[in-house]
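Inspection log for the structure reproduced underneath, given as structure tokens.
Throughout, numbering of the chain's residues begins at 1 and tracks the sequence. Remember, it's 1-based here, ligands and their atoms both numbered in the order they're listed. Note that the coordinates shown come from a computational prediction; the quantities given were computed from them, not determined experimentally. Basis for what follows: all heavy atoms, side chains included, without hydrogens, waters or symmetry-related copies.
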Amino acid sequence: MAKVREVMDKFGNKHTYNEGMEGVLATTSEICHINGKEGKLIYRGIPIEELAEKSTFEETSYFLLYGELPTRKELDDFDARLKANRALPQEVLSIMKQMPSQSNTMQFLRTVVSLLGLYETKSDEHTVIETSHEAEKLIAVFPTIVAAIQRLREGKEPIAPDNSLGHAANLIYMVNGEKPDEFAARVLDICLILHAEHGFNASTFTSRVVISTLTDVHSAITAAIGSLRGPLHGGANEGVMHLLNEIGSLDKVEEIIKIKLETKAKIMGFGHRVYKVLDPRARILSQYSERLAQITGNETYYAMSKKIEDIMKREVGDRGIYPNVDFFSASVYHYLGFKLESYTPIFAVSRISGWAAHVMEQLRENRLFRPSSVYLGDIDRKYISISER
Ligand code: ACO
């Protein structure tokens, strides 16, 4: 239920508004539908489960951007364009090497994407076609940026993309210098499909608000990255890992989660503005977390996650608080060997496709976003000169 507030302003007018714009319809979209009561998610009509089973991130990205599943030729051409745009300009890499490598990885990513905008000579052309070119370039280069940031943090030289590898496999390769096995690459590919799009979430809405001023794509995406970083949004996956590390062992889960609930602390990776049942993406990720736990022989993180899920279901399930996409993605990324500070940037590697699709959709029938608020401030103050204050 939306938290609807009723307020009286100082002019004597009564207003109602939905806190956090819950349930407010901002525009129309054909990209994604979420059924929060039944836990169903479709991208352009296709259930997420089917895409996770049959598609690839590259194909799903094309589908999100252009609205149709690509033919073999369209997909091959799209893939070739992505590969051609994977590398970072040398100037950008040089600047990255001078940036504070220990800074927050999402701030780092945001800054590099903003920087890349300086190299886009056509960045003030607002045709959908020109926007799609820039969008493809960003989808292509995000893994390279994220991997380079991780390596610079570790005092290592960034690794150039390997065009013999798919999008997901190449990201793993650029992070640790080793080509991943087929299963690890496929699991990351599925993670990227699952995180690619999710309707009018905070970061996507941000990108649409920004592009609605007819500014450049890089400004819209930079703002979206800033929004995704927050712990109430994409940053929650790192919060989940902090929680698992804080708990430390299976036998402490019950005690620590109960204390947190009693003190009204939020459990990261749980709850959602739209889903009031299990997030369908969490169901899929839970299965991969379990399989990776078995393969790696390190079951603790999965076992702790599962126990937290059971306790939360028992304690707050009746309030519609269930695992969201961030909950099991934390242990999956851990098992895939990613460092904690890469988790939210990996989310961005995927979500760039959704952001780009929304930016293009917004531009097709643009109207500036400009909502209003209820003014509750003073209405009859006197100006007091500075000498008398
Ligand atoms: N743990 C414990 N209690 C929770 C949680 C949680 N994770 N989430 C919601 N609640 C409780 C709140 O305390 C609140 O209780 P109250 O009514 O007694 O005050 C009630 O449920 C409603 O919570 P709100 O924060 O008002 O719900 P909202 O729709 O605004 O928030 C949100 C959704 C931000 C996702 C929230 O559930 C949350 O903070 N979760 C933890 C962070 C997280 O996992 N974010 C990732 C979301 S998915 C994504 O962005 C990719």
For ligand 1, which atoms, with element, lie under 4.0 Å from some heavy atom of [X]?
X      : value
Ala236 : 43 (C), 44 (O), 45 (N), 46 (C)
Arg273 : 28 (P), 29 (O), 30 (O), 33 (C)
Gly269 : 43 (C), 44 (O)
Asp326 : 46 (C), 48 (S), 49 (C), 51 (C)
Phe347 : 51 (C)
Pro231 : 42 (C), 45 (N)

For the residue pair [X] and [Y], categorise the inter-ring angle as parallel (less than 30°), tilted (30 to 60°) or perpendicular (more than 60°).
X      : Y      : value
His358 : Phe200 : perpendicular
Tyr335 : Tyr301 : perpendicular
His272 : His198 : perpendicular
Phe78  : Tyr66  : perpendicular

Between [X] and ligand 1, which part of the residue brings a heavy atom under 4.0 Å of the ligand: side chain, backbone, both or neither?
X      : result
Ile321 : side chain
Ala202 : neither
Lys3   : side chain
Val240 : neither
Leu232 : both

(message) Do Ser212 and Gln362 pair up side chain to side chain, a donor and an acceptor below 3.5 Å, judged on atom types alone?
(response) no
Are [Y] and [X] connected into the same hydrophobic cluster when the rule is that any two of I, L, V, M, F, W, Y join if their side-chain heavy atoms are below 4.5 Å apart?
X      : Y      : result
Val332 : Phe183 : yes
Leu194 : Ile42  : no
Phe369 : Leu214 : no

(request) Test the Arg389-Tyr383 pair against the cation-pi criterion, namely NZ or CZ under 6.0 angstrom from the six-membered ring centroid and within 45° of the ring axis. (result)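 Pair Arg389/Tyr383 counts as cation-pi.
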Closest protein heavy atom to [atom], given as residue, atom name and distance to 0.1 Å:
atom                    : value
atom 25 (O) of ligand 1 : Lys266 NZ, 2.6 Å
atom 35 (C) of ligand 1 : Gly271 O, 3.7 Å
atom 40 (N) of ligand 1 : Phe270 O, 2.8 Å
atom 14 (C) of ligand 1 : Arg319 NH2, 3.8 Å
atom 6 (C) of ligand 1  : Ile267 N, 3.6 Å
atom 50 (O) of ligand 1 : His233 ND1, 2.7 Å

Contact (N/O only, under 3.5 Å) between [X] and ligand 1:
X      : answer
Met268 : no
Glu22  : no
Val325 : no

(request) Identify the heavy atoms of Asp189 and Thr56 that sit nearest to each other, and give their distance. (result)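 Smallest interatomic distance, heavy atoms only, reads OD2-CA, 3.5 Å.
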(request) Let me know which of Thr71, Asp77, Asp76 forms a side chain to side chain donor-acceptor pair (under 3.5 Å) with Lys73. (result) Asp77
(message) With a 4.0 Å cut-off on N to O distance, would you call Glu58 and Arg81 a salt bridge?
(response) no
(message) When you compare the side chain of Ile211 with that of Thr131, does any pair of heavy atoms fall below 4.5 Å?
(response)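 With C-beta onward as the side chain, the pair stays apart.
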(message) I'd like to check atom 27 (O) of ligand 1 in this structure: does the protein have a heavy atom lying under 4.0 Å from it?
(response) no
(request) Taking atom 32 (C) of ligand 1 as the reference point, report whether a protein heavy atom occurs under 4.0 Å from it. (result) no
